[in-house]
2 protein chains.
Amino acid sequence: MEQSKDETIIERCDCVEVHSDVVDRIRQEMPEEETLYDLAELYKVFGDSTRVRILWALDAADLCVCDIAALLNMTQSAISHQLRVLKQARLVRYRRVGKNVYYSLDDDHVRSIFEQGLSHIREDHRGERG
Amino acid sequence: MEQSKDETIIERCDCVEVHSDVVDRIRQEMPEEETLYDLAELYKVFGDSTRVRILWALDAADLCVCDIAALLNMTQSAISHQLRVLKQARLVRYRRVGKNVYYSLDDDHVRSIFEQGLSHIREDHRGERG
DNA sequence: TGAACATATGAGCATTTGTTCATGTATGGT
DNA sequence: ACCATACATGAACAAATGCTCATATGTTCA
């Protein structure tokens, strides 16, 4: 999906005139390539409705895989796969309790990220900015 | 990528015991399916490093397509395609100035969403929560 | 130890996604 | 009108993604 993260810099822009002063300034101000890559990887995790629903549910209560599957009306396997993704992104943690494995949120930012997103979605977007 | 958004509810969970009290409560508390779907769609837009870099650049200055392509060392076409995605998500706006088209951020939440994301990434994650 | 339940995981597959390439559209200069 | 420049867009293709199915692992209980 992504391009190679770091490659030799070749001018591929097929334009002639570029505001090189601004571009150069921004190039310096931009965070490291890797940081922005990691950032995108994080949002990619949020970019699936199944995972969003799981996160939302776990924000309400700790749940075992079985509960989540029932709640979302999906197979246990599908949920388990997604939980692995969330685990790898360090957004959830788990603990075993007998035969069950309970998952819970492992990040304080999830809620605020959701809030910002909702805020954007709910904007009527009449055209103004500030 | 997604499943069908709304379908007849069939119990697909292959477990036997479910904490149905908790599940039922959460099911009621959860936002509408569509809201969470839209939320995921928004994050999906953030879930690509090219788009993240574009947004970050536009947060620093308004830029024409040509500038962005030069800055990110990508083709004008690739940038243009991505700008369309950002436009559809109402994250950027544009204005024509002669032959150029200048893009700018069209959302106040972009920066705070980035900040939350960065905050998560930068966590040392030693195991504690709050 | 073996059966039953809960969860994890690998392979396979259909769908989605991001880029490239070719071409279309819009604006300005001559 | 014509050309050059800037940008947009459709088709095509490789890579990534999310689910299903089958199966493996782990735990409890008899």
Side-chain angles (χ1 to χ4, degrees), chain A residues 1-5 7 10 12-19 23 37 40-41 43-54 62-70 72-89 92-103, chain B residues 1-5 7 10 12-19 23 37 40-41 43-54 62-70 72-89 92-103:
Chain A
M1 171 187 281
E2 306 281 344
Q3 278 208 132
S4 66
K5 253 194 329 187
E7 57 185 338
I10 306 161
R12 290 205 277 166
C13 165
D14 21 40
C15 313
V16 173
E17 281 200 343
V18 176
H19 305 84
V23 169
Y37 180 84
E41 287 300 305
Y43 293 130
K44 203 173 289 182
V45 176
F46 282 87
D48 175 77
S49 67
T50 298
R51 289 191 293 265
V52 165
R53 290 189 296 161
I54 292 175
D62 294 6
L63 297 168
C64 66
V65 181
C66 181
D67 290 342
I68 303 174
L72 303 187
N73 190 38
M74 291 179 64
T75 65
Q76 170 269 319
S77 177
I79 299 300
S80 199
H81 277 297
Q82 295 296 17
L83 284 170
R84 187 160 57 90
V85 175
L86 294 171
K87 209 188 310 172
Q88 284 169 346
V92 303
R93 52 171 53 176
Y94 65 96
R95 64 180 192 281
R96 252 213 127 90
V97 178
K99 281 183 292 189
N100 295 309
V101 175
Y102 286 87
Y103 282 81
Chain B
M1 167 186 283
E2 306 284 345
Q3 280 208 132
S4 66
K5 251 190 339 181
E7 55 186 339
I10 307 160
R12 290 204 278 166
C13 168
D14 21 40
C15 314
V16 173
E17 281 201 344
V18 175
H19 304 85
V23 169
Y37 181 84
E41 287 299 305
Y43 294 129
K44 204 172 288 181
V45 176
F46 282 88
D48 174 78
S49 66
T50 298
R51 290 191 292 266
V52 165
R53 290 189 296 162
I54 291 175
D62 294 7
L63 296 168
C64 65
V65 181
C66 182
D67 290 343
I68 302 174
L72 303 188
N73 190 37
M74 293 179 65
T75 65
Q76 171 269 316
S77 178
I79 299 299
S80 198
H81 277 297
Q82 296 295 19
L83 284 169
R84 188 159 57 89
V85 175
L86 293 171
K87 208 188 310 172
Q88 283 169 346
V92 302
R93 52 171 52 177
Y94 65 96
R95 62 179 194 280
R96 243 208 137 91
V97 178
K99 280 183 293 189
N100 295 309
V101 175
Y102 285 86
Y103 281 81

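Proteins come first, then strands; the chains are lettered A, B, ... in the order of their sequence lines, and each starts at number 1.
For Y103(A) and dA8(C), the shortest distance from a side-chain N or O to OP1 or OP2 is below 4.0 Å. In terms of phosphate contacts, Q82(B) brings a side-chain nitrogen or oxygen within less than 4.0 Å of OP1 or OP2 of dT19(C). For T75(B), no side-chain nitrogen or oxygen approaches OP1 or OP2 of dT19(C) to under 4.0 Å.
For R96(B), there are no salt bridge (charged side-chain N to carboxylate O under 4.0 Å, His left out) partners at least two apart in sequence or on another chain. Applying the side-chain hydrogen bond (donor to acceptor under 3.5 Å, both in side chains) test to R95(A) and every residue at least two apart in sequence or in another chain returns D62(A). Considering only residues two or more places apart in sequence or on other chains, V23(A) meets the side-chain contact (heavy atoms from CB on, under 4.5 Å) condition with V18(A), R27(A), D67(B), L71(B). In this structure, the side-chain contact (heavy atoms from CB on, under 4.5 Å) partners of V85(A), at least two apart in sequence or on a different chain, are V45(A), R51(A), Q82(A). Judged as a ring-ring contact (aromatic ring centres under 6.0 Å, His included), and not counting sequence neighbours, the contacts of Y103(B) are Y94(B).
Between H81(B) atom NE2 and dA12(D) atom P the separation is 14 Å, expressed in whole Å. Nucleotide dC21(D) holds its P atom 13 Å from the CE atom of M74(A), rounded to whole Å. Going from atom CZ of R84(A) over to atom C1' of dT7(C) covers 13 Å, rounded to whole Å. In this structure, E41(B) atom CD and dT15(C) atom P are separated by 17 Å, rounded to whole Å. Atom OH in Y37(B) sits about 11 Å away from atom C1' in dT16(C), given to the nearest Å. Going from atom CG of D48(B) over to atom P of dA15(D) covers 16 Å, rounded to whole Å. The distance from atom CD1 of I68(B) to atom P of dC7(D) is 9 Å, rounded to the nearest whole Å. The interatomic distance linking L86(B) (CG) with dT9(D) (P) rounds to 14 Å, in whole Å.
Between the side chain of S77(A) and the base of dT7(C), no donor-acceptor pair of N or O atoms lies under 3.5 Å. Contact annotation: side chain of S80(B) to base of dT9(D), donor-acceptor pair absent below 3.5 Å.
Residue whose closest nucleotide on DNA chain D sits further toward the 5' end, between R51(A) and V101(B): V101(B). Both A78(B) and K87(A) lie close to DNA chain C; mapped to their nearest nucleotides by heavy-atom distance, the more 5′-ward contact belongs to K87(A).
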Nucleotide by nucleotide, nucleotides 25-30 of chain C touches protein heavy atoms under 4.0 Å in the pattern (B base, S sugar-phosphate only, - none) --BS--
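Nearest nucleotide to the side chain of C66(A), out of dT7(C), dT20(C), dT17(C): dT7(C). Comparing dA6(D), dT9(D), dG18(D) by their nearest atom to the side chain of N100(B) picks out dA6(D).
Counting only heavy atoms from C-beta outward, the side chains of I54(A) and T50(A) approach each other to under 4.5 Å.
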Check against side chain to side chain contact (heavy atoms under 4.5 Å, CB included), S77(B) and H81(B)
CA-CA 6 Å; S77(B) 178; H81(B) 277 297; 3.6 Å; yes
